[in-house]
There are 2 protein chains.
Amino acid sequence: MSSNLEKESSAGRPRSEEAHRAILDATLQLLAEVGFSALTVEGVATRAGVGKATIYRRWPSKLPLVVEAFSQLPALEESDTGNLRDDLKKMLRSYLNLFNSTPLATVLPSLAGELAHNPELSELLNPVIRGRRQPLTRALERARDRGEIAEGIDLDIAADLVVGPIAVRLFFGGGPISPKIVGPIVDTALRGIQTSAV
Amino acid sequence: MSSNLEKESSAGRPRSEEAHRAILDATLQLLAEVGFSALTVEGVATRAGVGKATIYRRWPSKLPLVVEAFSQLPALEESDTGNLRDDLKKMLRSYLNLFNSTPLATVLPSLAGELAHNPELSELLNPVIRGRRQPLTRALERARDRGEIAEGIDLDIAADLVVGPIAVRLFFGGGPISPKIVGPIVDTALRGIQTSAV
DNA sequence: ATAAGAACGAAACGTATAGTATCGTAATAG
DNA sequence: CTATTACGATACTATACGTTTCGTTCTTAT
């Protein structure tokens, strides 16, 4: 039971690593192009240049396939400069850059829209999504320990305040998101909207 | 050409207002239950208790049907108390209440997820969505004119800062959103996260 | 060498469901 | 009362999904 999970049979053709990667890549591409509902195993097979049986041999359905493909996308990159403002800007900027180099920007809304109707996907994907925010949470906790956070601030709300504007633009903005907005967003979130005189 | 668009034929059975409403209601229900992609005209017809032809007689495809159904959902309710903090809390609280009394909470993520892949829907729906935020924009503009907004604050970012946390919870939170979080969100956004000493 | 075993890509199969067209019936205007 | 239009129901046709089957290719062990 505790032996190697990968190699169990002594003979026969081994599974192709190349096909594995091609399948996951094709899944991400199609997820970005057509969304979760319109994604079909047949489409993935064609795009990846493999037979459908090759996919069903590894994943029982498109659901775990999508979850594994999404899990391979890069997450927030940790930053610990000793200063909250710099940490936030650094993390958000590098994350926004991923929107250009990966299908993240289209995959995220697509999956989010599906979560509401698909409890099974929700159950599999929510832990993954939650884990990806940890670098942000940790940066805020470090700032709190350094005394950088004002009294009575809920860290969850603080995190949502920083991420929220980007999420709104991602979901409803339509166009690409410039990394230039990170500065104003973080500055505004840290300082507040109101005049200090109020 | 410039005559009445509604009544053009002098004889024959008039279109049923009841069927019209039933179709739009069924569309919203199904949109919330199964999402945009899985929504079918056939399903809407069954749920509404009408024939498919009755739907196709009025809308050429499910796309404009969905747009019209969504447009009927209530928008942000204007508030002008003379104080930004009160306006924001009032508007957001009443909007969150709509999440319980309408399918808004599930329809919004569902449509947002589709916008990324469906340019046609995007074109039809984005103006509608933008229009729904106007009460928020106007409240911020009034506050700016009263001098309540700090120097150098971008009003778009300010708006996103207030709406963002709710959007994040709506899309990724899973569960229901308590109106109790409106207070902390607005207070944090107005005052800022950081200690004033920094 | 060679036989056995497993995975490979391609393609055939059966099913489900979409959108369209057609039916007899019901409701309104002249 | 007759003409006209909308109504709900249903039959039709085509597409395309997930599943399974097929001959072939690759790897290991004898």
Side-chain angles (χ1 to χ4, degrees), chain A residues 3-27 29-31 33-69 110 114 117-118 120-121, chain B residues 3-27 30-31 33-69 114 117-118 120-121:
Chain A
S3 65
N4 196 324
L5 284 167
E6 289 299 320
K7 118 172 267 164
E8 68 295 271
S9 55
S10 54
R13 182 175 178 175
R15 291 194 178 169
S16 161
E17 286 292 332
E18 191 186 332
H20 201 85
R21 274 192 304 273
I23 292 167
L24 290 176
D25 282 353
T27 303
Q29 284 176 28
L30 286 172
L31 210 53
E33 288 173 23
V34 305
F36 179 86
S37 311
L39 179 89
T40 66
V41 173
E42 181 148 34
V44 172
T46 304
R47 175 72 61 100
V50 305
K52 285 195 267 184
T54 302
I55 297 179
Y56 280 108
R57 206 172 284 123
R58 301 164 194 236
W59 295 276
S61 71
K62 82 169 175 179
L63 220 137
L65 169 62
V66 164
V67 172
E68 183 171 338
S110 168
E114 190 67 19
H117 321 293
N118 199 328
E120 209 179 338
L121 179 69
Chain B
S3 64
N4 197 325
L5 285 167
E6 288 300 319
K7 121 172 265 163
E8 67 296 275
S9 56
S10 54
R13 181 176 177 174
R15 291 195 178 168
S16 161
E17 287 293 332
E18 191 187 334
H20 201 85
R21 274 192 305 274
I23 291 167
L24 290 176
D25 282 353
T27 303
L30 287 172
L31 211 51
E33 288 173 24
V34 305
F36 179 85
S37 311
L39 179 89
T40 66
V41 172
E42 181 147 34
V44 172
T46 305
R47 175 73 61 101
V50 306
K52 283 197 270 185
T54 303
I55 297 178
Y56 281 108
R57 205 172 286 122
R58 300 163 195 237
W59 295 274
S61 71
K62 82 170 175 179
L63 219 136
L65 169 62
V66 165
V67 173
E68 182 170 341
E114 191 67 19
H117 321 293
N118 199 326
E120 209 178 339
L121 179 69

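What you see is a predicted model; the values in this text were computed from it and never measured. To find a chain, count down the sequence lines: A is the first, B the second, and so on, and within it residues start at 1.
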*Could you pull out the closest heavy-atom pair between B:Ser37 and A:Ser37, with the gap in Å?*
CB-CB, 3.3 Å
*How close or far is atom P of D:dC7 from atom NE2 of B:His20, stated in whole angstroms?*
11 Å
_Rounding to 10°, can you tell me the angle the first-five-pair axis of the helix from C:dA1-D:dT30 to C:dG30-D:dC1 makes with its last-five-pair axis?_
10°
*Residues within residues 56-63 of chain B bordering DNA chain C, heavy-atom distance below 4.0 Å*: B:Tyr56
*Quick one: is D:dC7 close enough that its OP1 or OP2 comes under 4.0 Å of any side-chain N or O from B:Ser16?*
no
*Rounded to whole angstrom units, what separation is found between the CG atom of A:Leu65 and the P atom of D:dG18?*
11 Å
*Partners meeting salt bridge (Lys or Arg N to Asp or Glu O under 4.0 Å) with A:Arg47 (sequence neighbours left out)*: A:Glu33
*Please test A:Leu121 against A:Glu114 for side chain to side chain contact (heavy atoms under 4.5 Å, CB included), starting from the C-alpha separation and ending with a verdict.*
CA-CA 8 Å; A:Leu121 179 69; A:Glu114 190 67 19; 3.6 Å; yes
*Distance, rounded to the nearest Å, where B:Phe36 contributes CZ and C:dA18 contributes P*: 14 Å
*asked:* Run the side-chain hydrogen bond (donor to acceptor under 3.5 Å, both in side chains) test against B:Thr54 and tell me which residues pass, sequence neighbours left out.
replied: none
_My understanding is that only residues two or more places apart in sequence, or in another chain, count here; which of them pass side-chain contact (heavy atoms from CB on, under 4.5 Å) with A:Pro64?_
A:Trp59, A:Pro60, A:Ser61
*Which letter, B, S or -, goes with each nucleotide of nucleotides 9-14 of chain D from 5' to 3', with contact meaning a protein heavy atom under 4.0 Å?*
B-----
*A:Arg13 side chain: which of D:dC7, C:dA6, D:dC17 is closest?*
C:dA6
*Rounded to the Å, how far apart are B:Ile55 CD1 and C:dA18 P?*
12 Å
*asked:* Using the side-chain contact (heavy atoms from CB on, under 4.5 Å) criterion, which residues pair with B:Thr27? Sequence neighbours excluded.
replied: B:Ile23, B:Leu39, B:Val44, B:Leu65, B:Val66, B:Ala69
*Provide the closest heavy-atom pair for B:Asn118 versus B:Phe36 in the form atom of the first, atom of the second, distance.*
ND2-CE2, 3.7 Å
*Given B:Leu30 and B:Thr40, is the side chain to side chain contact (heavy atoms under 4.5 Å, CB included) satisfied, shown in steps?*
CA-CA 9 Å; B:Leu30 287 172; B:Thr40 66; over 6 Å; no
*Between D:dG8 and B:Thr54, is there an OP1 or OP2 to side-chain N/O distance shorter than 4.0 Å?*
yes
*Which heavy atom in A:Gly35 sits nearest to a heavy atom in A:Ser110, and how many Å separate them?*
CA-OG, 3.2 Å
*Residue pairs passing the salt bridge (Lys or Arg N to Asp or Glu O under 4.0 Å) test where at least one lies in residues 48-69 of chain B, sequence neighbours excluded*: B:Glu42-B:Lys52
*Excluding sequence neighbours, so at least two apart, what forms salt bridge (Lys or Arg N to Asp or Glu O under 4.0 Å) with B:Arg15?*
none
*Expressed in angstrom and rounded to an integer, what is the separation of A:Glu17 atom CD from C:dC8 atom P?*
10 Å
*Separation of A:Ile23 atom CD1 from C:dC8 atom C1', in whole Å?*
11 Å
